[in-house]
Amino acid sequence: MVHETTRHTRDFTVISNRLLQHRHLGGVAIAVGCHMMSVAEGTSVTIRSLHERLGFSRQKIADALHALERYGYLRRTVIRTPGGRLVTETVVCHNPNARTPEAPTPKPPAPEPTPAPAPTPPPTTTTATATTPPAPPPATPPAPRTHRPLPPVPHPGFPARELLRAALHVLVTLRDTDPRLHCSEADAEHLTPGVAAWLERGASPETIRHALTTGLPTAPLHRPAALLAHRLATHLPPAPPRVPPPPTPRTPAPLQHCETCDTCFRAPPTTPCPTCDNPDTTPAAYVPAPVDAGSGPLSPGA
């Protein structure tokens with residue numbers, strides 16, 4: 001085999017032969033590793049995105065990522081974002097065997113020649129002065145630990161007192177389901193409007209309790225109020241549809257009577273007759289005509 005090489009001046013990536021010719025990594029792992037080394041920082045390298053980009057099955061890509069992580073070409077760490085979301089941070093190591101060169105150890109200096117001892121002067125009486133060691137500096141107290149602000153929560157449109165009281169009751173009773181969901185007074189003041197927004201949208205207390213306590217991690221909760229605030233904001237149910245008010249019944253105009261042409265019509269009072277334009281119209285009183293006994297409906301036996 002003969003190589004035909006051309007010097008690259010742009011759009012290239014330097015990859016070690018240790019990865020390209022690794023004896024214990026398969027072709028899929030080498031391809032995945034080379035692709036991850038060639039993309040820019042911040043590019044999504046989830047199993048789904050790698051499956052759509054490279055065409056390998058998701059199981060093969062998952063096995064390839066585990067193999068790269070086993071041989072030091074990949075590090076994955078689960079971190080928490082400022083918004084309370086858990087994400088996986090992926091670090092691609094281009095040369096996992098590289099080490100920082102240590103500085104050379106300086107040689108010890110050559111011992112100086114010992115001078116000849118000077119003649120001992122005659123002993124003299126001196127007063128020993130006790131030296132007091134300097135006092136240690138005062139210990140600096142540790143700085144108080146400050147928590148990051150809790151994620152924002154939704155607020156109800158009409159924060160009535162009864163609504164906020166019911167929301168606080170739901171929030172306080174969450175510890176009956178999981179003792180880890182114990183909130184301080186400041187946390188409860190922040191979370192109560194979020195629970196009230198759920199109640200305002202028609203969610204029952206049982207529905208809210210199930211949404212906030214189901215699927216919690218088994219690890220200890222360092223700050224349960226942040227988790228509750230995140231769930232109240234991300235799982236907020238939709239607002240119920242607004243029901244339009246019933247239409248107002250339309251009252252028909254009163255009957256008016258024209259004595260000139262003996263016409264009845266519906267219109268406001270003092271309206272001229274539409275037939276003969278007589279301006280002197282009067283309100284008409286509707287009196288049902290008497291029903292003749294002989295012209296009534298026939299009886300079943302007739």
Side-chain angles (χ1 to χ4, degrees), residues 39-53 58 61-62 65 74-91 143-245:
V39 297
E41 292 187 357
T43 305
S44 175
V45 289
T46 61
I47 295 178
R48 179 178 180 180
S49 61
L50 292 174
H51 162 70
E52 296 175 353
R53 175 64 182 85
R58 298 190 179 186
I61 291 178
L65 293 177
L74 195 66
R75 291 200 309 269
R76 291 184 289 183
T77 309
V78 178
I79 61 175
R80 186 183 298 275
T81 62
R85 182 183 178 187
L86 297 178
V87 297
T88 301
E89 182 183 46
T90 304
V91 179
R145 183 179 179 182
T146 58
H147 291 285
R148 290 179 298 181
L150 293 175
V153 298
H155 284 68
F158 301 95
R161 182 177 302 177
E162 293 76 10
L163 182 65
L164 295 177
R165 186 181 296 111
L168 180 60
H169 176 74
V170 173
L171 187 64
V172 172
T173 54
L174 291 178
R175 58 189 177 189
D176 298 339
T177 305
D178 193 330
R180 297 177 298 171
L181 300 179
H182 179 79
C183 299
S184 64
E185 183 177 359
D187 294 339
E189 183 179 357
H190 179 81
L191 298 174
T192 298
V195 180
W198 282 57
L199 294 174
E200 187 181 49
R201 297 190 174 207
S204 63
E206 291 75 16
T207 302
I208 301 175
R209 189 175 293 106
H210 181 270
L212 297 181
T213 59
T214 303
L216 295 178
T218 56
L221 301 179
H222 299 287
R223 200 177 184 192
L227 186 144
L228 295 177
H230 175 72
R231 290 198 172 189
L232 287 173
T234 56
H235 303 319
L236 180 66
R242 298 185 60 182
V243 179

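Minimum interatomic distance between A203 and I208 (heavy atoms only, all atoms of both residues): CB-CG1, 4.1 Å. The minimum heavy-atom distance between I47 and A62, with the atom names listed, is CD1-CB, 3.9 Å. The two residues T192 and A167 make their nearest non-hydrogen contact at O-CB, 3.6 Å. In terms of heavy atoms, P156 sits closest to A197 at N-CB, 4.0 Å. Considering all non-hydrogen atoms of both residues, L232 and W198 come closest at O-NE1, 3.1 Å. When every heavy atom of L227 is checked against every heavy atom of P217, the shortest pair comes out as CD1-CD, 4.2 Å.
No side-chain donor-acceptor contact under 3.5 Å links S44 to the backbone of S49. The backbone N or O of R148 sits less than 3.5 Å from a side-chain atom of R223, completing a donor-acceptor pair. No donor-acceptor pair under 3.5 Å is formed between the side chain of H51 and the backbone N or O of T46.
Residue R76 qualifies as enclosed at atom CZ: its count of foreign heavy atoms under 6.0 Å is above 12. In R201, the CZ atom is crowded: over 12 heavy atoms of neighbouring residues, nucleotides or ligands sit closer than 6.0 Å. Surrounding NE2 of H235 are more than 12 heavy atoms belonging to other residues, nucleotides or ligands, all under 6.0 Å away. Within 6.0 Å of atom CZ in R85, 12 or fewer heavy atoms from other residues, nucleotides or ligands are found, so the atom counts as exposed in its surroundings. Atom CD of E52 sits in a crowded spot, with more than 12 heavy atoms from other residues, nucleotides or ligands closer than 6.0 Å.
One finds the CZ atom of R209 at 4.0 Å from the OG1 atom of T173 (value rounded to the nearest 0.5 Å). The distance from atom CG of L150 to atom NE2 of H230, rounded to the nearest 0.5 Å, is 13.0 Å.
Looking at T213 and L181, their side chains come closer than 4.5 Å, going by heavy atoms from C-beta outward. Side-chain contact between V170 and L212: absent, with no pair of heavy atoms (C-beta onward) separated by less than 4.5 Å. The closest side-chain heavy-atom distance from L216 to R231 is below 4.5 Å. Side-chain contact check for L174 versus D178: every heavy-atom pair is 4.5 Å or farther apart. No side-chain heavy atom of R53 sits less than 4.5 Å from a side-chain heavy atom of V39.
Inspection of the D187 and S184 side chains reveals an N or O donor paired with an N or O acceptor under 3.5 Å.
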Practice problem: Determine, stepwise, if the pair L50 / L65 fulfils side chain to side chain contact (heavy atoms under 4.5 Å, CB included). | Solution: CA-CA 10 Å; L50 292 174; L65 293 177; 4.2 Å; yes
